[in-house]
Each structure stands twice: as structure tokens, then as C-alpha cells.
Amino acid sequence: MEERWRRPSVMGVVNMTPDSFSDGGRQLDPDAAAALARAMVVDGAALVDVGGESTRPGAEPVSLDEELRRVLPVLERLAGELPLSIDTAKAEVARRALEFGVELVNDVTALRSDPELAGVVADSGAYLCLMHMQGEPRTMQLEPRYDDVAADVAAFLEERLEFAVEAGVAEERICLDPGIGFGKTLAHNLELVRRLDVLLALGRPVLVGLSRKSMLGKILGGERATTGSAAASVGAAIAAFERGASIFRVHDVREHVEALAAAAAVSA
Ligand code: HH2
């Protein structure tokens, strides 16, 4: 994993969902989505993450058929051309995506929702991202609670990492993600970035998704904010980079690539 995507690497986000956090509905047309993905790679993305199910707070699950209908036309257009990941918790979506040459499966449920997904990843030899989430998207922001957020998230990810390895996924193909905004208050999110060393102690690269998330709007005083600016996203990404994060899941690719290049040059 560390050789395939060197630190720092940027993962661009292409959401094929009508109800996403920050860019909902704008990319539903597969040609426009494919063009956006290509532009992201031109701007320096090392990977483009295609997703057909929104996981924003309050989001309802989508059916298998609907998710396939959203993502397959985009993957078909980009197959063999761009480095791709699939943001899904469904084994069948992952299986079909892998047939189009997708390299990484990004499961926000960390192999907890579809019992067949671990086998699909193991058999294909794909890379895997395991993310922490407390609760489920529909209800996760109602009352998130932790004893010690960094230790609790690390313990969860350690258990999911063991599960994935036991299911046959090579450990060196797995990265871990604290799941910013997934069942967490602003204070929890900030502490997770501040104490990223606790996750890094698990020995795997860390991926973070801070981009345009509501915590950034809240930092700037918008108590009811549901999104954050590109500038605030870049600032948070740099803070995470300095604490050891490797891969950055972002909407504003060029801004992140340039800022991370500058930060990496300083710390080299
Ligand atoms: N965040 C979102 C979706 N997928 N995957 C990983 N690994 N890490 C994240 O932080 C993450 C993720 C949610 O963000 P967004 O894509 O903006 O919204 P939506 O899920 O509504 O499409």
C-alpha cells in the first residue's frame, strides 16, 4: 500500500448520489462524472473514489440495483484508464467494480455490513480501506459517546484489521481511517486528528476524509453547518499530514495536491 500510494497521496471524490454531503446531485450524469474524474487525475489525484450511496448524517440506505445503476456507467467509462476505488459496503457492487479494474475497496462499515465483502476483496487481491463509524448514517450524529475517542477508534480498527486478515486480505494491502464525522462530535473529530499517532501505532497507513465536512463549518462558527469550505479542508488536511496521515479523500483535488506538496517539501 505504501508503495502503491506514497505519502501524501490524494484520493478525489466522485459521488454519484443525489444527497451527498457537499456536492449532491451535481454529478449524476456518467459522462460528467467521468470528465470530473479525469480532471482530478490531471490535477494530481493518485486515485478517484466512486460512490453510489450517500453516507452523510441522516442518509437512507440505497438498494443494490440503484447503487449499481449509479456507479457502473462511470466505472465502465474509466476502466483501465484511471486508478479507481469504489466506495461501497456491498459485495456485489465491489465484485462488479473490480471487474472494471478498480484497485481499492473503500468500505465505511469496515466489513461489518455484507458478510461476503471480505471474501470478494481477499479473492481479488484488491486494496482495502477500513473505516470507523459509530452507529449508522441514519442516526449516528444523534448522541455519539466514547470513553477515549482515539483509543476506542483504534481498538475498533485493530479488531477489523484482524478480521480482514483472517478472511484472507493481505495486511500490507489495508489502510485505516478514523471516519471523521461518522458518529462523532466536533471535539471527537478534532481529537482524532490531534492524536493520529494512536491509530498509526497499528502499523498501517492512515486515510482521512476531512474534505468539506460539517466540522469545518462548525469550527468557523456555523453551529448548524452541514459543510465546510475548500480552504478549511486544506488546513485540516495539512494538520493531519503533519501527524502522519498518508491518503487524503478530497473534493478539491488541485488545492490539496499543491498544499500537500508544499507541506511535504518542508517536512522532507
Ligand atoms: N467520508 C464520506 C464517504 N466515504 N470514505 C472514507 N474512507 N472516509 C471518509 O471520511 C468518507 C468516506 C462522506 O463524505 P462525502 O463523500 O462528501 O459524502 P457522501 O457520503 O454523502 O457521498
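Below, each value reflects all heavy atoms present in this structure, side chains not excepted, and no hydrogens, waters or symmetry copies. Counting starts at 1 for both ligands and their atoms, in listed order. Just so we're clear, the structure is a prediction, and the values are computed from it rather than from any experiment.
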Inset, instruction - May I ask you to list the atoms of ligand 1 that are less than 4.0 angstrom from any heavy atom of M131? - result: 6 (C), 8 (N), 9 (C)
Legend entry - Test log, rule side chain to side chain donor-acceptor pair (under 3.5 Å), inputs T109 and D107: CA-CA 5 Å; T109 74; D107 178 10; 2.8 Å; yes
Inset, instruction - Tell me, please: is G179 in heavy-atom contact with ligand 1, that is, under 4.0 Å? - result: no
Inset, instruction - Any atoms of ligand 1 less than 4.0 Å from a non-hydrogen atom of H251? List them with their elements. - result: 17 (O)
Legend entry - Atoms of ligand 1 close to C129 [distance to a heavy atom under 4.0 angstrom, numbered from 1]: 7 (N)
Inset, instruction - Under 4.5 Å between side-chain heavy atoms, chaining through other members, with only Ile, Leu, Val, Met, Phe, Trp and Tyr counted: pull out the rest of the cluster around V266, sorted by chain and number. - result: none
Legend entry - Which of the ligand 1 atoms, numbered from 1, are nearer than 4.0 Å to a heavy atom of N15: 15 (P), 16 (O), 17 (O), 18 (O), 22 (O)
Inset, instruction - For R212 and ligand 1, answer yes if some heavy atom of the residue is under 4.0 Å from a ligand atom, otherwise no. - result: no
Inset, instruction - Could you tell me whether some N/O pair between S211 and ligand 1 is separated by less than 3.5 angstrom? - result: no
Legend entry - Side chain, backbone, both or neither: V108 near ligand 1, heavy atoms under 4.0 Å: side chain
Legend entry - Distance filter under 4.0 Å to N106 heavy atoms, resulting ligand 1 atoms: 5 (N), 6 (C), 7 (N)
Inset, instruction - Please list, chain by chain and in numerical order, all residues satisfying salt bridge (Lys or Arg N to Asp or Glu O under 4.0 Å) with R95, sequence neighbours excluded. - result: E92, E99
Inset, instruction - Within a distance under 4.0 Å of any heavy atom of G209, pick out the atoms of ligand 1 and give their elements. - result: 10 (O)
Inset, instruction - Check the surroundings of atom CG in D147: do more than 12 heavy atoms from other residues, nucleotides or ligands lie under 6.0 Å from it? - result: no
Legend entry - Euclidean distance, E53 CD relative to L64 CG, rounded to 0.5 Å: 10.5 Å
Inset, instruction - Kindly say whether the aromatic ring centers of F156 and H132 come within a distance under 6.0 Å. - result: yes
Inset, instruction - Verify the cluster assignment for V253 and V208: are they in a single hydrophobic cluster under the rule of side-chain heavy atoms below 4.5 Å apart? - result: yes
Legend entry - Nearest-0.5 Å distance that lies between atom OG in S211 and atom CD in E255: 9.5 Å
Legend entry - N or O pair under 3.5 Å between E53 and ligand 1: no
Inset, instruction - Say whether D49, considering both its backbone and side-chain N or O atoms, lies within less than 3.5 Å of an N or O atom on ligand 1. - result: no
